[in-house]
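This report concerns only the one structure given below.
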Protein chains: 2
Amino acid sequence: MKSSNSNLKIDGIDKRILRFLMEDARRPILEIARNIGISGAAIHQRLRKLENSGLLAGSKFVLNPRILGYTTLAYIGIFLDRAMSNPQAVAALEKIPEVLECHYTTGNWSILIKVLCKDNEHLMHVLNKKIQQIEGVSRTETFISLDQQIDRQLKI
Amino acid sequence: MKSSNSNLKIDGIDKRILRFLMEDARRPILEIARNIGISGAAIHQRLRKLENSGLLAGSKFVLNPRILGYTTLAYIGIFLDRAMSNPQAVAALEKIPEVLECHYTTGNWSILIKVLCKDNEHLMHVLNKKIQQIEGVSRTETFISLDQQIDRQLKI
DNA sequence: TGTGAAATCTTCTGATA
DNA sequence: TATCAGAAGATTTCACA
């Protein structure tokens, strides 16, 4: 639960810097500086401020899973028997590499997970041989993403 | 639908390079080179190959939304009246900045979306005043993420 | 696929307006 | 918060094993 105490004020220049870097983390600071019209040192200083504030949570290379043959994305709602088994269930899910996200949620299920598989057969295998085998898992509901239309970050 | 024709072969060195950069996109190539024990030029060459293959889909700065006061993450299943209204519904969802993901899915709903809001009140507002107002939306089911336990990319 | 070397550009820091 | 300037380091390309 990373959070910060700093009374963060981000102005329009901070936003422009962040928008550049949210699109391409490797964009040189000097290039952004030339675009915005201030010095590289100023951007450097602002980025340090933003980092200290905790707003900058890091940077990532993004892979296209299709190139590796991963074409089936699904969300799975999981019903657990007892509240007791939750942390163990999460620990078991963490060991399954196909599980990319895991949320405790309000509503019908105890847990909602996002899984990425090569194809439907692979998804079936993960469901039947891995997820259903976890102690405490009583029932699951699967929603396959037929097409992802939006994928973005918080707008700043 | 980005995809590629290249017959991609990634070896152990490619994987090590990618693992470094998936964790921190701004890690200098030369530093990775020293870690792995090959020259910077070789890494440079491999990265170009990986980029041409389409596997590298870019890089992103990651923000911590909590710092900006966004603490409520939710998934919302949407029932649409007619299949006809789907593209219009997606177009309308795209205009709502709180909507970060949108999937056509199998199962009960037509669409599953992920929304990020400041708090429950903000979420209520987005639900009642924005999402429910979209033509064709008949009913929604909301699942608030109480705690996200896993958040990662495809393991390579 | 790999390397070293050279040119160019970037990052980072410190002094200062 | 901004600037400039300099040192250290990174990127990129090329000729070649």
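So that the names make sense, note that chain A is the first sequence line, chain B the second, and so on, each numbered from 1.
For D119(A) and T72(A), the side-chain atoms include no donor-acceptor pair closer than 3.5 Å. Using modelled atom types, one finds no donor on one side chain facing an acceptor on the other under 3.5 Å when comparing N86(A) with Q88(A).
Computed from coordinates, the Q45(A) CD to dA5(D) P distance equals 17 Å when rounded to whole Å. Between the P atom of dT11(C) and the CD atom of E51(A) lies a distance of 14 Å, rounded to the nearest Å. Nucleotide dC9(C) holds its C1' atom 15 Å from the CD1 atom of I32(A), rounded to whole Å. Rounded to whole Å, atom P of dT11(D) lies 9 Å from atom CZ of R34(B). Remark: C1' of dT1(C) and CG of L50(B) are 13 Å apart, rounded to the nearest angstrom. Taking atom CZ of residue R46(B) and atom C1' of nucleotide dG2(C), one finds them 9 Å apart after rounding to whole Å. Taking atom NE2 on H44(B) and atom C1' on dG9(D), their separation rounds to 15 Å, with Å as the unit. In this structure, CG of L21(A) is placed 13 Å from C1' of dT11(C), rounded to the nearest angstrom.
Between dT12(D) and R48(B), no contact under 4.0 Å exists linking OP1 or OP2 to a side-chain N or O. For the pair S39(B) and dG2(C), the criterion of a side-chain N or O lying under 4.0 Å from OP1 or OP2 is not met.
Side chain of A41(A), nearest nucleotide from dT1(C), dA2(D), dC4(D): dC4(D). Taking every side-chain heavy atom of P28(B) into account, dA10(D) is the closest of dA10(D), dC4(D), dG2(C). When the nucleotides dA10(D), dT3(D), dG4(C) are ranked by their closest atom to the side chain of L30(B), dA10(D) comes out on top.
Taking the six-membered ring where the residue is Trp, F143(B) and W109(B) present tilted rings, their angle falling between 30° and 60°.
Rounding to the nearest 0.5 Å gives a distance of 12.5 Å between CG of L73(B) and CD of E98(B).
With salt bridges taken as basic N to acidic carboxylate O contacts below 4.0 Å, one links E101(A) and K114(B).
Contact annotation for I29(B): backbone-only contact, meaning every heavy-atom pair under 4.0 Å involves sugar-phosphate atoms and none involves a base. Within the nucleic acid shown, E31(A) has no heavy atom closer than 4.0 Å to any nucleic acid atom. Note on R27(B): nothing from the nucleic acid sits closer than 4.0 angstrom, heavy atoms only.
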